[in-house]
Amino acid sequence: MTTKQRYESAKEIYKAIGVDTDAALKALSQIRVSMHCWQGDDVSGFEGNGELSGGIQATGNYPGKARTPEELMADMDKALSFIPGTHRINLHASYAIFEDGFVDRDQIEPKHFKKWVEYAKERGLGIDFNPTFFSHPKASDATLSSENEEIRKFWVAHGKACLRIAEYFATELGKPCCMNIWIPDGYKDIPADRMAPRARLKKSLDEILSIPYDKSNVYVAVESKVFGIGLESYTVGSHEFYMNYAAKNNLLCLLDNGHYHPTEMVADKISAMLLFSEKLALHVTRAVRWDSDHVVLYDDETREIAKEIIQNGADRVMIALDFFDASINRISAWVVGMRNMQKALLQALLLPSEKLARLQEERKLTELMVLQEELKLYPVGDVWNYFCECNHVPEKEDWFAQITQYEKEVLSKRK
Ligand code: RNT
Ligand code: ZN
């Protein structure tokens, strides 16, 4: 049977439960996922000072990591060639490209991202952005919450510089830019004063956001975390802090599903957030024990997050991926994560949602469970393969042979 014939057969199966597969494919093709540049080089960036700090860690030593803007862009192209649809890319400030001399983070300007804009324009991509408040000598103790006024001011200046760059992306590309603020500030052990650092963080954010910027095209998001490595007891930017800050200041709250207690589910938070704000931002990732950044799989959590996105309106959720795995082929990690996010969105689009909701309202909970479980083995794969075919990307695992070839011809030569 051809991919098309399999699709036609799946279409009939879904039709019998009232699901329109053509409509699902159309909806899926309109969802843009933000692919994070930092998977390609273990969050190293181009400033050349090496060490990753801030309580995050990329473990592994797989050969072939991108070392220059050219290599990173080539690797991203390779990944994007296996991902159906046109998406967004997510950059960190540490990926500035210095053509006429290095400047520190408080001094970066739109011109340092000109090459990225050219890259995105040529490919029809949007760009999202992140100030980088880690991996820097001035971030060794604290950043926006620092008790050292000179340091705090430096990072405020960085935040403002990034806001201008985010606006430059939005203007140049004619597509909104989500600028996400995450800081690692916290304490390894029990703090004596939890309030003062938080008050300083609040003040710093107010200062950054005091400059004028185009609020209709630059969506500022704030990302909380429960703990970081070496910062286990206290995180200045906690969930309550940012949820309140975002609500009061009309910003986006960004939920990273690796940043909560293990039994807390981000999927469950989405509807609660969207009842109070128009938009929400996500970092989709996979938490394993102490690590919050494993490659996104097609697992229960990702599928449940996707279900909530679809049911509450994909246009209200800015979806970005956030993981870094240095132990496997880095391009493959991107492709697996991006395709899994899309597969999860597809299975959500193929649910007979109204029917399921009705069963819930009628308290036919036995039938609800039966249907929810049987649906798991419906032929979503046949619909996915057809989506790949329509988008001219390899279906199933067929893309991997080309990764192996690229590894042999390009990655293995990087020493
Ligand atoms: C860290 C946060 C943050 C970073 C990236 C590199 O715990 O999740 O989003 O992963 O900004
Ligand atoms: Zn994150």
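Since this is a predicted model, take the numbers as computed values, not measurements. Computation of the quantities below employed the complete heavy-atom set of this structure, encompassing side-chain atoms and omitting hydrogens, waters and symmetry-equivalent molecules. Counting convention: from 1, in listed order, for ligands and their atoms alike.
- Around ligand 1 you find Trp38, Ile56, His92, Phe134, Trp182, Glu223, Lys225, Asp256, His259, His283, Asp322, Phe324, each with a heavy-atom distance below 4.0 Å.
- Near the Zn ion (ligand 2), less than 2.8 Å away, sit the protein N, O or S atoms Glu223 OE2, Asp256 OD2, His283 ND1, Asp322 OD2.
- Side-chain contact check for Asn329 and Tyr406: no donor-acceptor pair (N or O, by modelled atom type) lies under 3.5 Å.
- Contact record, His112 with Ile108: ND1-CA, 3.6 Å, taken as the closest heavy-atom pair.
- Looking only at distances, no side-chain donor or acceptor of Arg152 sits under 3.5 Å from a matching main-chain atom of Glu147.
- Remark: Lys215 qualifies as a cation-pi partner of Tyr213 under the 6.0 Å distance and 45° angle criteria applied to the six-membered ring.
- Inspection of the His36 and Asn130 side chains reveals no N or O donor paired with an N or O acceptor under 3.5 Å.
- In terms of the side chain to side chain donor-acceptor pair (under 3.5 Å) criterion, Tyr378 has no residue partners (sequence neighbours excluded).
- A tilted orientation is assigned to the rings of His259 and Trp182, their planes being inclined by 30° to 60°.
- Residues in residues 260-302 take part in these ring-ring contact (aromatic ring centres under 6.0 Å, His included) pairs, two or more places apart or across chains: His239-Tyr260.
- Side-chain N or O atoms of Gln347 include one that pairs as donor or acceptor with a backbone N or O of Ala344 at under 3.5 Å.
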